[in-house]
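Single-structure report; data block below.
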Amino acid sequence: MYILLMGPPGAGKGTQAANLVKEFSIPHISTGDMFRAAVKEGTELGKKAKACMDEGRLVPDDVTIGIVRERLQKSDCRKGFILDGFPRTVEQADALKSILDELKINLTRVIDISASKDELIERAVGRRICKKCGATYHVKFSPTKKEGVCDACGGETYQRADDSEETMRNRLSVYEQQTKPLIDYYQKAKLYSRIDGSQQIEKVYDDVKKSLDV
Ligand code: ADP
Ligand code: AMP
């Protein structure tokens, strides 16, 4: 299964990707996670990405396309993958098409998770992530059993710097301007399924599976 998860920031892409990974054992490729790892390691890529991420802008297309090309060429992607947060521009979508053509891979489905602006902001602001294993929680909708401590591995949870309300508003306007045109792009390719992400996490996952016919 070659799945593309689309949707505005905070819609629940990473949460649903974690469910898919558990059930189908295919790699989760999140450009946001890759950039955050690079920032943490202080690599050249991290230096290029940090200022954009802090302000809620997109990292330049050439940089982003380069890391995705390299990642998709790895052998673990042969049996499937979940791409999360890429593509985010028409240029990235065109590049993805040519990368997949080279690899002789056809996308199975593009799943677009939607939610209202108020929900997206509340979700991002309340999001907490484990420093150690990357598991995602929400202070209200999906809390850890013990505050600040990951249920899965006992690691400490933190709030992303770009999950402030102000930066989130920038990210949502970037989404509207640069990423939303991709809905039309994938509708034309007849690969597109829209899912109501304002439902409970389990119900959203049921719809994800229905859209994949599994
Ligand atoms: P994205 O990857 O699209 O930015 P996440 O999966 O990280 O979004 O989810 C954003 C926040 O919202 C997280 O804190 C997550 O726990 C929470 N969340 C995800 N899906 C739902 C849902 N269906 N209902 C309520 N909260 C959700
Ligand atoms: P995310 O974790 O998907 O919310 O992404 C966090 C930040 O990483 C975004 O606000 C961007 O700055 C950057 N980013 C992630 N994916 C992309 C992408 N496909 N293109 C450009 N920038 C990206």
Side-chain angles (χ1 to χ4, degrees), residues 4-21 28-40 45-46 48-69 71-72 82-96 111-116 118-130 134-144 150-152 157-164 167-175 177-179 182 195-208:
L4 209 151
L5 284 182
M6 266 184 68
K13 302 180 295 295
T15 302
Q16 298 304 326
N19 287 335
L20 289 165
V21 167
H28 173 207
I29 301 171
S30 153
T31 40
D33 285 351
M34 289 160 92
F35 287 136
R36 276 184 290 280
V39 170
K40 199 169 156 191
L45 173 67
K48 280 185 201 156
K50 190 175 183 315
C52 302
M53 295 174 81
D54 285 348
E55 290 167 24
R57 286 185 285 120
L58 294 184
V59 177
D61 279 337
D62 57 338
V63 176
T64 309
I65 290 165
I67 63 163
V68 172
R69 171 173 284 120
R71 181 66 187 86
L72 291 180
I82 305 147
L83 251 184
D84 162 5
F86 181 93
R88 264 169 146 110
T89 64
V90 172
E91 189 174 336
Q92 291 180 15
D94 286 338
L96 177 64
I111 301 174
D112 184 19
I113 306 176
S114 66
S116 72
D118 287 348
E119 281 170 320
L120 296 170
I121 291 172
E122 187 178 16
R123 284 182 188 183
V125 172
R127 170 163 47 197
R128 298 291 182 272
I129 297 170
C130 175
T136 298
Y137 299 92
H138 189 281
V139 288
K140 186 165 152 195
F141 304 125
S142 182
T144 52
C150 175
D151 292 350
T157 62
Y158 77 103
Q159 182 179 25
R160 275 167 50 178
D162 61 346
D163 274 345
S164 68
T167 309
M168 187 54 185
R169 287 191 187 279
N170 291 343
R171 290 160 65 200
L172 289 175
S173 88
V174 165
Y175 168 80
Q177 287 163 32
Q178 303 195 57
T179 309
L182 295 183
I195 285 181
D196 176 8
S198 63
Q199 309 172 91
Q200 292 200 335
I201 292 173
E202 298 71 26
K203 184 72 190 53
V204 176
Y205 189 53
D206 285 345
D207 287 356
V208 166

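For clarity, every value in this text was computed on a predicted model and none was experimentally measured. Ligands are counted one by one from 1 in listed order, and the atoms in each one are counted from 1 as well.
For ligand 1, one of its N or O atoms has an N or O atom of G14 under 3.5 Å away. For ligand 1, the polar-atom distance check finds an N/O of Y137 within less than 3.5 Å of one of the ligand's N/O atoms. Between P87 and ligand 2, no N or O atom pair is found at a separation short of 3.5 Å. Where the criterion is an N or O separation shorter than 3.5 Å, residue side chain and backbone included, G126 fails it with respect to ligand 1. The shortest N/O to N/O separation between D84 and ligand 1 does not fall below 3.5 Å. The shortest N/O to N/O separation between R123 and ligand 1 falls below 3.5 Å. When only interatomic distances are considered, the shortest N/O to N/O separation between G12 and ligand 1 falls below 3.5 Å. Considering both main-chain and side-chain atoms, T136 never comes within under 3.5 Å of ligand 1 through any nitrogen or oxygen pair. Among the atoms of V59, some N or O lies under 3.5 angstrom from an N or O of ligand 2. By the 3.5 Å distance cut-off applied to N or O atoms, R127 is counted among the residues near ligand 1.
The main-chain N or O of R88 is found under 3.5 Å from a side-chain atom of T179 such that the two form a donor-acceptor pair. A donor-acceptor pair under 3.5 Å links the side-chain atoms of Q159 to the main chain of V125, judged by distance alone. At least one donor-acceptor pair under 3.5 Å links the side chain of S114 to the backbone N or O of I195. The closest donor-acceptor contact from the side chain of T31 to the backbone of G85 lies under 3.5 Å. In terms of modelled atom types and a separation under 3.5 Å, the side chain of R123 and the main chain of A11 share a donor-acceptor contact. The backbone N or O of G7 lies less than 3.5 Å from a partner atom in the side chain of K13, making a donor-acceptor pair. A donor-acceptor pair is defined here as one N or O able to donate and one able to accept, closer than 3.5 Å; no such pair exists between the side chain of Q178 and the backbone of V174.
Ligand-side atoms of ligand 1 in range of F141: 25 (C), 26 (N), range being under 4.0 angstrom from any heavy atom. Residue contact check: T15 has heavy atoms under 4.0 Å from atoms 5 (P), 6 (O), 9 (O), 15 (C), 19 (C) of ligand 1. Close approach of ligand 2 to R57 (heavy-atom distance below 4.0 Å) involves ligand atoms 11 (C), 12 (O). Listed by number with element, the atoms of ligand 2 under 4.0 angstrom from any heavy atom of R36 are 2 (O), 6 (C). Taking a cut-off of under 4.0 Å to the non-hydrogen atoms of R171, the atoms of ligand 2 that pass are 4 (O). Using a 4.0 Å cut-off to heavy atoms of T64, the atoms of ligand 2 that qualify are 18 (C), 19 (N), 20 (N), 21 (C). Within ligand 1, the atoms closer than 4.0 Å to a non-hydrogen atom of G197 are 23 (N), numbered from 1 in the order shown. Per-residue contacts place Q92 under 4.0 angstrom from the following atoms of ligand 2 (heavy atoms of the residue considered): 18 (C), 19 (N), 20 (N), 21 (C). Close approach of ligand 1 to H138 is summarised as follows: ligand atoms under 4.0 Å from at least one heavy atom of the residue are 14 (O), 16 (O).
Scanning both residues, G10 and L120, for their nearest heavy atoms gives C-CD2, 3.7 Å.
Counting heavy atoms only, R88 comes closest to atom 1 (P) of ligand 2 of the residues R88, K50, E55.
Y137 contributes atom OH, which lies 4.0 Å from atom CG of D151 (distance to the nearest 0.5 angstrom).
Residue L58 touches ligand 2 through backbone and side chain together, judged by heavy-atom distances below 4.0 Å. Contact annotation: for E91 versus ligand 2, there are no heavy atoms closer than 4.0 Å. No part of K13 comes within 4.0 Å of ligand 2, judged by heavy-atom distances.
Looking from atom 20 (N) of ligand 1 to the surrounding protein, the closest heavy atom is I201 CG1, 3.6 Å. Nearest protein heavy-atom contact of atom 8 (O) of ligand 2 is M53 CE, 3.6 Å. Among protein heavy atoms, atom 16 (N) of ligand 2 sits closest to T31 OG1, 2.8 Å. Among protein heavy atoms, the minimum distance from atom 23 (C) of ligand 2 is reached at F35 CE1, 3.7 Å. Ranking protein heavy atoms by distance to atom 23 (N) of ligand 1, first place goes to Q199 O, 2.8 Å.
Here R171 pairs with D163 in a salt bridge; the nearest charged N to carboxylate O distance falls below 4.0 Å. Taking a cutoff of 4.0 Å between a charged side-chain nitrogen and a carboxylate oxygen, D206 and K203 do not qualify as a salt bridge.
Inter-residue side-chain proximity for L20 and V208 is flagged as met; some heavy-atom pair is nearer than 4.5 Å. The closest side-chain heavy-atom distance from D33 to H28 is below 4.5 Å.
Heavy atoms of G7 stay at 4.0 angstrom or farther from ligand 1. Ligand 2 lies less than 4.0 angstrom from a heavy atom belonging to R160.
I29 pairs with exactly one of D84, L72, V68, L4 by the side chain to side chain contact (heavy atoms under 4.5 Å, CB included) rule, that one being L72.
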